[in-house]
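Notes follow once the structure below has been shown.
Just so it is clear, the values below take in all heavy atoms, side chains as well, and ignore hydrogens, waters and symmetry mates.
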Amino acid sequence: MADVSLDFQFTSSINKVWTALTDSDILAKWIWENDFKPIVGHKFQFRAEPNKWWDGIVNCEVLVVDEPNKLSYTWESAGESTTVTWTLTEGSDGITNLHLEQNGFSEETKARPGAVEGAKSSWMKIGEELKKVLAE
């Protein structure tokens, strides 16, 4: 079972959602500044505002690019190394389902109250930002 597992539905086409996941400029509008390229093996960073608990940097490496169905990359931040996987499916009703899984949290992190829930909550907020970007 995934540590974090979320589903988002969008009225945008699967190709538009894929572009929002893989275009660096669009990604910056709903996650953070980045130097992402949809190329397996590409190392990139997400850069957010640092705070007293976190330097604001997420180091990543692209693992899977299966346009427009699946995108996966490592997510290393604050000493934790996980894998983020986005799976896209388009329904006959024109709704695009975007499934997010984040796996690999350490047992220490899983044992910390609210740690995994905090990640889930952050992804839910990010999903809301994506919805706004897709509506533009």
Side-chain angles (χ1 to χ4, degrees):
M1 194 178 112
D3 294 338
V4 174
S5 180
L6 294 169
D7 285 289
F8 304 97
Q9 280 78 36
F10 304 106
T11 53
S12 304
S13 72
I14 193 169
N15 290 324
K16 185 172 182 183
V17 177
W18 176 262
T19 299
L21 290 175
T22 58
D23 180 293
S24 179
D25 294 335
I26 299 173
L27 261 177
K29 292 180 182 178
W30 63 276
I31 298 189
W32 298 306
E33 287 298 316
N34 65 87
D35 53 350
F36 176 83
K37 288 187 180 84
I39 300 165
V40 172
H42 177 68
K43 289 179 165 62
F44 68 101
Q45 287 185 330
F46 282 111
R47 293 176 297 278
E49 280 295 314
N51 59 43
K52 66 180 180 182
W53 301 282
W54 181 51
D55 65 6
I57 295 173
V58 182
N59 289 301
C60 307
E61 181 177 345
V62 180
L63 302 172
V64 176
V65 178
D66 178 14
E67 182 177 352
N69 304 302
K70 189 173 189 177
L71 177 68
S72 183
Y73 41 81
T74 59
W75 183 276
E76 295 179 15
S77 183
E80 192 72 46
S81 180
T82 60
T83 301
V84 171
T85 302
W86 301 97
T87 307
L88 299 82
T89 49
E90 193 166 41
S92 56
D93 56 1
I95 300 289
T96 298
N97 183 64
L98 179 60
H99 179 71
L100 163 75
E101 287 193 357
Q102 186 175 19
N103 286 306
F105 286 99
S106 66
E107 292 306 315
E108 184 183 318
T109 295
K110 287 181 190 177
R112 213 170 340 151
V116 174
E117 289 77 11
K120 187 180 277 189
S121 168
S122 295
W123 283 118
M124 288 168 67
K125 286 186 193 117
I126 287 169
E128 287 303 310
E129 292 302 310
L130 173 56
K131 191 171 276 189
K132 289 178 197 162
V133 166
L134 289 170
E136 286 177 2

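Among all heavy-atom pairs drawn from Gln45 and Asp35, the shortest one is N-OD1, 2.7 Å. Listed here is the closest heavy atom pair of Ala119 and Phe105: CB-CZ, 3.8 Å. Here the closest heavy-atom approach between residue Glu80 and residue Gly104 is recorded as OE2-O, 3.8 Å. Between Ser12 and Leu134, the shortest heavy-atom distance links the atoms OG-CB, 3.5 Å. Listed here is the closest heavy atom pair of Ser81 and Glu76: OG-CG, 3.4 Å. When all heavy atoms of Lys29 and Glu136 are compared, the pair lying nearest together is NZ-OE1, 3.6 Å.
A side-chain donor from one of Ser24 and Asn34 sits under 3.5 Å from a side-chain acceptor of the other.
Under the 4.5 Å side-chain heavy-atom criterion for Ile, Leu, Val, Met, Phe, Trp and Tyr, Trp86 and Ile95 are members of distinct hydrophobic clusters. Cluster annotation: Leu98 and Trp30 are assigned to the same hydrophobic cluster (Ile/Leu/Val/Met/Phe/Trp/Tyr, side-chain heavy-atom contacts under 4.5 Å, transitive). Residues Leu21 and Val64 do not share a hydrophobic cluster, defined by chaining ILVMFWY side chains whose heavy atoms lie under 4.5 Å apart. A continuous path of ILVMFWY side-chain contacts below 4.5 Å connects Ile126 to Leu100, so both sit in one hydrophobic cluster.
Taken to the nearest 0.5 Å, the CD atom of Glu67 stands 6.0 Å off from the CH2 atom of Trp18. Between Leu88 atom CG and Lys70 atom NZ the span is 11.5 Å, to the nearest 0.5 Å. The OG atom of Ser106 lies 7.0 Å from the CZ atom of Arg112; values are rounded to the nearest 0.5 Å. Expressed to the nearest 0.5 Å, how far OG1 of Thr89 lies from CG of Asn97 amounts to 4.5 Å. Separating the CG atom in Asn103 from the CG atom in Asp3 is a distance of 5.0 Å, to the nearest 0.5 Å. The line from NZ of Lys43 to CZ of Phe36 is 14.0 Å long, rounded to the nearest 0.5 Å.
With a 6.0 Å radius and a threshold of 12 heavy atoms from other residues, nucleotides or ligands, Glu49 has its CD atom at or below the threshold. More than 12 heavy-atom neighbours from other residues, nucleotides or ligands sit within 6.0 angstrom of NZ on Lys16.
When the salt bridge (charged side-chain N to carboxylate O under 4.0 Å, His left out) test is applied to Lys120, no partner is found at least two apart in sequence or on another chain. Applying the side-chain hydrogen bond (donor to acceptor under 3.5 Å, both in side chains) rule to Gln102 yields the partners Thr82, Trp123; only residues at least two apart in sequence or on another chain are considered.
Using a 4.5 Å cut-off on side-chain heavy atoms (C-beta onward), Val65 and Ile39 make no contact.
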Inset, instruction - Report the C-alpha separation of Phe8 and Val17 in whole Å, then their side-chain angles, then the decisive distance to 0.1 Å, and conclude whether the side-chain contact (heavy atoms from CB on, under 4.5 Å) test is met. - result: CA-CA 11 Å; Phe8 304 97; Val17 177; over 6 Å; no

Inset, instruction - Kindly determine whether Lys125 and Glu128 satisfy salt bridge (charged side-chain N to carboxylate O under 4.0 Å, His left out), including the steps that lead there. - result: CA-CA 5 Å; Lys125 286 186 193 117; Glu128 287 303 310; over 6 Å; no

Inset, instruction - Check the pair Glu90 / Ser13 against side chain to side chain donor-acceptor pair (under 3.5 Å), numbers first and verdict last. - result: CA-CA 7 Å; Glu90 193 166 41; Ser13 72; 5.1 Å; no

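Looking at Ser77, its side chain never comes within 3.5 Å of a backbone N or O of Val58 through a donor-acceptor pair. Within the 3.5 Å criterion, the main-chain N or O of Glu61 finds a donor-acceptor partner in the side chain of Thr74. Distance alone, capped at 3.5 Å, is enough to place a donor-acceptor pair between the Thr19 side chain and the Asn15 backbone.
Between Trp54 and Trp32, the angle of the ring planes lies from 30° to 60°, which puts this pair in the tilted group. Classification of the Phe44-Tyr73 ring pair by plane angle, with boundaries at 30° and 60°, yields perpendicular.
Of the candidates Ile31, Leu27, Ile26, Ile26 is the only one forming a side-chain contact (heavy atoms from CB on, under 4.5 Å) with Val133.
Ionic pairing of Lys132 and Glu129 is present here: one or more N-O contacts between side-chain nitrogen and carboxylate oxygen are shorter than 4.0 angstrom.
Hydrophobic cluster membership for Ile57: none, as no Ile, Leu, Val, Met, Phe, Trp or Tyr side chain comes under 4.5 Å of it.
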